[in-house]
Amino acid sequence: ERRNDLGDFCSLGLHYQGLVCGRRDDILALGFAQGTFSNRAEESFSADGEKVMELYYQVQATPWMAISPDIQYVTTPGGNEDVDDTIIVGIRAQIVF
């Protein structure tokens with residue numbers, strides 16, 4: 001709390017592997033994270049914290065590469081109550097050398 005604006009943080013997630021027949025290495029996942037700002041950081045942020053929900057599907061494209069399109073829903077982004085909740089759409093690539 002003395003070094004970080006977040007006083008508390010927790011996250012949890014679930015994933016299911018092999019949802020699509022014939023794609024046993026693919027993963028469907030849902031995650032949730034919540035950060036609560038410390039008392040020291042209250043003056044910097046108008047909200048008490050920030051929450052994120054994420055849904056993604058990881059496609060094992062090759063034995064050495066996975067591609068994961070994902071969508072995130074963020075409440076009070078940046079700890080600012082004046083900013084609308086937002087949706088973030090992205091894609092990740094994991095490459096093993």
Side-chain angles (χ1 to χ4, degrees):
E1 193 172 282
R2 291 189 328 226
R3 297 175 193 212
N4 194 328
D5 289 334
L6 292 177
D8 294 303
F9 178 83
C10 67
S11 65
L12 63 98
L14 302 168
H15 82 259
Y16 185 82
Q17 187 169 348
L19 176 69
V20 177
C21 188
R23 307 273 323 155
R24 65 182 175 87
D25 293 328
D26 289 3
I27 297 171
L28 174 68
L30 176 66
F32 175 79
Q34 176 177 339
T36 305
F37 297 116
S38 69
N39 291 337
R40 237 177 138 184
E42 279 182 344
E43 296 170 10
S44 303
F45 303 98
S46 60
D48 292 336
E50 183 178 81
K51 296 179 184 129
V52 179
M53 289 182 60
E54 179 180 21
L55 176 68
Y56 72 86
Y57 188 81
Q58 180 177 299
V59 177
Q60 192 66 47
T62 70
W64 51 270
M65 182 174 67
I67 299 170
S68 305
D70 79 313
I71 187 166
Q72 299 176 21
Y73 180 77
V74 183
T75 63
T76 57
N80 188 342
E81 289 180 330
D82 297 328
V83 176
D84 292 336
D85 295 352
T86 189
I87 295 175
I88 302 167
V89 178
I91 190 165
R92 288 187 283 255
Q94 295 171 313
I95 300 171
V96 177
F97 294 100

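- Asp48 contributes atom CG, which lies 7.0 Å from atom CD of Glu81 (distance to the nearest 0.5 angstrom).
- Legend: side chain to side chain donor-acceptor pair (under 3.5 Å) pairs involving residues 17-32, not counting sequence neighbours, sorted by first then second residue: Arg23-Asp26, Asp26-Tyr57.
- Using a 4.5 Å cut-off between side-chain heavy atoms of Ile, Leu, Val, Met, Phe, Trp and Tyr, with links allowed through other members, Leu19 and Ile27 fall into different hydrophobic clusters.
- Nearest heavy atom pair, residue Ile91 against residue Asp70, reads N-OD1, 3.9 Å.
- Taking 4.5 Å as the limit, every side-chain heavy atom of Leu28 sits out of range of all side-chain heavy atoms of Leu14.
- Contact annotation: the side chain of Gln94 approaches that of Gln58 to within less than 4.5 Å [non-hydrogen atoms, C-beta and beyond].
- By the criterion of side-chain heavy atoms lying less than 4.5 angstrom apart, applied directly or through intervening Ile, Leu, Val, Met, Phe, Trp or Tyr residues, Ile71 is grouped together with Val59 in one hydrophobic cluster.
- Between Phe37 and Glu50, the closest heavy-atom pair is CE1-N, 4.4 Å.
- Residues Ile87 and Met53 do not share a hydrophobic cluster, clusters being chains of Ile/Leu/Val/Met/Phe/Trp/Tyr side chains in contact below 4.5 Å.
- With hydrogens and angles disregarded, no donor-acceptor distance shorter than 3.5 Å links the side chain of Ser68 to the backbone of Tyr56.
- Remark: Met65 engages Ala61, Thr62, Ile67, Ile95 in a side chain to side chain contact (heavy atoms under 4.5 Å, CB included) (not counting sequence neighbours).
- Taking OG1 of Thr76 as the reference point, atom CG of Asp85 lies at 7.0 Å (rounded to 0.5 Å).
- The hydrophobic cluster containing Leu55 also contains Tyr73, counting ILVMFWY residues as joined when their side-chain heavy atoms lie under 4.5 angstrom apart, directly or transitively.
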